[in-house]
Amino acid sequence: MIVMKQVNVMGDKIEIPDDQSLYELAKKLEKNEALGALVNGELQDLREQPPEGAEIQFVTYEDSAGKHIYWHTASHVLAHAMQYYMDGDLKLAIGPPVDDGFYYDFDLPRNLSEDELENLEGIIQQIIQRGIPIERYSCSVEEARQKFKESGAEYKLELLDELDGEPSFYRQQDFEDLCGGPHLMSTGDLGVIKLTKLAGAYWRGDETGPMLQRVYGVAFQTETELEEYEKMLEEAKKRDHRRLGRELDLFHISEEVGPGLIIWHPRGAEIRQEIENYWRNRHREEGYRSVRTPHLAQEELWEVSGHLDHYKQHMFPRMEMDDRNYRVKPMNCPFHMQIFNSRTRSYRDLPIRYAELGTVYRYEKSGVLHGLLRVRGFTQDDAHIYCRPKQLEEELQQLLEFTTEILSTFGFKDYEIFVSTRPDDYVGSEDRWELATNSLKNALEEAGLDYDIDPGEGVYYGPKIDLKIRDSLDREWQCSTIQVDFNIPERFDVAYVDEDGEEQRPIMIHRALFGSIERFFGCLVEHYGGAFPPWLAPTPVWILPVDPANREYAEEIAAQFRNENINSSIQPASESLGKRIRTAIKQKIPYAIIVGSDEEEARSVEVRTYGEEESNTLSVDEAVQRLRQIIDSRQPITPLG
RNA sequence: GCCGGCGUAGCUCAAUUGGCAGAGCGGGGCUCUUGUAAAGCUCAGGUUGCCGGUUCGAGUCCGGCCGCCGGCUCCA
């Protein structure tokens with residue numbers, strides 16, 4: 001007799017035999033594209049049998065959960081291929097799916113080279129073509145341990161020790177791996193796999209541990225999807241700020257000056273200056289006072305601040321002069337403490353907000369430098385807010401609002417927010433850390449902003465809120481940061497006189513909204529693909545006289561723009577008009593204004609807006625006024641007509 | 001710092017097995033009275049990242065260093 005049970009598949013109640021698997025159910029319902037299923041909200045393997053009354057939702061390659069299953073199986077196939085390729089002489093570490101594909105970490109007897117990836121891809125395709133069924137089985141921890149000991153699988157042994165419950169294995173012919181799954185039913189369910197990168201990776205991310213070899217890959221159902229993916233990478237490359245920095249003549253980094261040190265060219269420096277002007281104005285409006293501090297300070301200052309104890313590995317070495325020892329500053333805060341301490345402060349003065357575009361220098365390991373996004377010398381849009389404990393929450397909320405406003409001015413809406421908690425190396429008491437962390441979380445919740453926790457990623461003196469912006473390749477870069485600090489004020493013995501005449505310790509907030517101008521600028525270049533909005537563009541207008549005879553008229557127009565404080569540049573007719581238009585487009589000039597005899601007679605201009613095929617004609621006055629408006633309101637590139 | 005890759009003119013890239021370092025763009029000069037994504041001619045431009053080695057001969061092969069790219073670790 002067949003025992004039946006009822007399940008609920010995407011809203012339909014269905015009777016199925018008790019021993020029917022999700023796979024059989026999917027087949028019956030002709031859901032052939034199902035890769036796994038959410039059973040009562042939990043992602044499961046199609047091999048599972050759903051319990052009575054289960055809510056079942058099949059997932060496909062279109063769902064991120066489905067992609068993860070797909071990629072996870074792809075990583076096993078990669079490991080299987082490697083097992084053949086290395087003739088079994090390898091140790092497996094881990095091979096998870098990630099945001100845009102998968103990887104597998106191996107311990108191999110020799111170092112792989114990049115052109116061997118193609119060989120591996122060949123073996124992978126064979127494994128896929130053979131359509132090897134993938135089976136799952138479980139065993140006791142003891143059995144698994146015995147198995148790993150016999151095969152010398154030291155990494156798996158270590159993973160086993162941390163496993164809760166019964167270990168499960170996935171096996172495809174002569175390859176098997178300790179794995180929680182879920183996985184596809186057969187290697188034949190995979191389409192095309194491309195191995196993308198070969199890299200070193202420390203076992204469990206531990207610098208002191210063994211270095212493994214990591215192979216990254218992507219997997220797609222069709223060849224076409226792979227081609228699209230490759231095209232997307234090509235497009236992302238065109239937005240790379242390092243490439244655009246050169247093409248648009250914004251900045252460069254020179255081996256002679258030194259790695260991680262930025263040389264700003266006029267166009268880059270002018271855009272930066274606009275950003276800074278905006279920043280200064282908004283900060284003045286928000287009640288910040290401007291300060292400026294030196295690039296060097298005696299070592300004692302860094303002893304008091306704790307930097308020499310906790311931050312030394314990032315600091316450039318000592319300079320000795322006249323029996324004094326100096327250090328280049330890696331942070332601005334100790335100086336701002338000095339300003340606060342330069343006289344007695346009353347509770348009436350608080351909150352005090354000191355802001356500085358402070359250039360700092362930090363030693364970063366050579367392997368991590370990356371264009372403008374990771375450098376050794378950079379300018380923080382730094383500020384320190386001193387407030388009474390009861391003012392903290394309000395300050396934080398105001399700050400979050402300020403931060404999101406600043407970012408949205410530059411068109412950034414997609415960022416991720418993290419609260420970084422107490423690291424291993426910290427100063428101060430645990431309950432203060434907790435208090436500070438909670439106030440950060442509260443402020444975020446009050447503001448209705450979603451966030452994740454970055455455990456142990458706080459600075460030594462306090463927890464922080466970080467906002468991360470993605471670059472053209474979707475890599476995240478920490479920009480805005482808001483940090484609560486109970487510790488450095490104590491170290492500098494910072495105090496104010498309270499209403500009752502007693503000295504009180506203020507709470508300090510460190511904050512940088514761009515984070516660093518360099519990094520922010522780099523993200524901004526990629527965000528706009530180099531096509532800066534008119535208010536930022538160093539030269540928003542190019543004027544192109546059709547004929548040398550129209551030069552004078554072009555100059556009149558330039559003068560009119562100049563009167564409205566708008567920078568323009570006349571591109572003389574020594575080159576063909578087509579050529580100059582082409583150059584304007586390649587240089588991503590917001591507006592190319594074309595003036596020939598027709599325009600001269602009508603006292604008009606023809607405006608070709610960047611990104612538009614069509615141009616439009618309007619009077620000179622209209623064009624100037626309209627552009628002035630666009631600049632004042634910080635609009636993106638918009639047709640003038 | 002670690003693993004893998006790369007380094008030829010300002011930029012993008014060529015240069016058979018080791019055999020005279022080249023092109024396009026960009027730059028300078030000249031010509032062209034030029035209407036919507038590249039006018040023509042011409043000239044200049046290089047210690048092939050640096051140092052050492054092998055060789056009759058090295059851009060090419062070997063070693064060391066530096067820098068860059070992709071990851072790891074770390075971070076604004």
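Note: hydrogens, waters and symmetry copies are ignored here, and every other heavy atom, side chains too, is used. Here is the naming used below: chain letters follow the sequence lines, and residue numbers restart at 1 for every chain.
For A:Y202, the side-chain atoms get nearest to B:U73 when compared with the rest of B:C74, B:G4, B:U73. Which of B:C75, B:A37, B:G71 sits closest to the side chain of A:R374 comes down to B:C75. Considering only side-chain atoms of A:K365, the nucleotide from B:A76, B:G1, B:G71 that sits closest is B:G1.
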Tabulated below should be each protein N or O lying under 3.5 Å from an N or O of nucleotides 43-51 of chain B; please produce it.
none

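Residue contacts for A:L369: at a heavy-atom cut-off of 4.0 Å it reaches the sugar-phosphate backbone alone, with no base atom in range. Residue contacts for A:G205: at a heavy-atom cut-off of 4.0 Å it reaches the sugar-phosphate backbone alone, with no base atom in range. Within 4.0 Å of A:G367, counting heavy atoms only, lies at least one base atom of the nucleic acid. Residue contacts shown for A:P259 are limited to sugar-phosphate atoms, with no base heavy atom under 4.0 Å away. Heavy atoms of A:E599 sit under 4.0 angstrom from at least one base atom. As judged by a 4.0 angstrom heavy-atom cut-off over every strand, A:S113 is placed among residues touching the sugar-phosphate backbone only. Using a 4.0 Å heavy-atom criterion, one finds that A:F520 contacts no nucleic acid atom at all. Contact annotation for A:E457: backbone-only contact, meaning every heavy-atom pair under 4.0 Å involves sugar-phosphate atoms and none involves a base.
Between A:G260 and A:L467, it is A:G260 whose nearest contact on RNA chain B lies nearer the 5' terminus. Position along RNA chain B of the nearest nucleotide to A:S516 versus A:M211 favours A:M211 as the more 5'-ward residue.
Interface remark: the A:R519 side chain does form a donor-acceptor pair with the B:C75 base, using a distance-only criterion of under 3.5 Å.
Nucleotides B:U48 and B:G5, compared at atom P, are 25 Å apart to the nearest Å. To the nearest whole angstrom, the two P atoms, one in B:A39 and one in B:C72, are 45 Å apart.
Between A:R475 and A:D100, no side-chain nitrogen of the basic residue sits less than 4.0 Å from a carboxylate oxygen of the acidic one, so the salt-bridge criterion is not met.
Considering only heavy atoms from C-beta on, A:Y361 comes within 4.5 Å of A:L261 through its side chain.
A side-chain donor-acceptor contact under 3.5 Å links A:H283 to the backbone of A:W279.
Between A:F521 and A:W264, a ring centre-to-centre spacing shorter than 6.0 Å is recorded.
Both key distances under 3.5 Å define a Watson-Crick or G-U pair, and stretches of 3 or more such consecutive pairs in RNA chain B run B:1-7 with B:66-72, B:10-13 with B:22-25, B:27-31 with B:39-43, B:49-53 with B:61-65.
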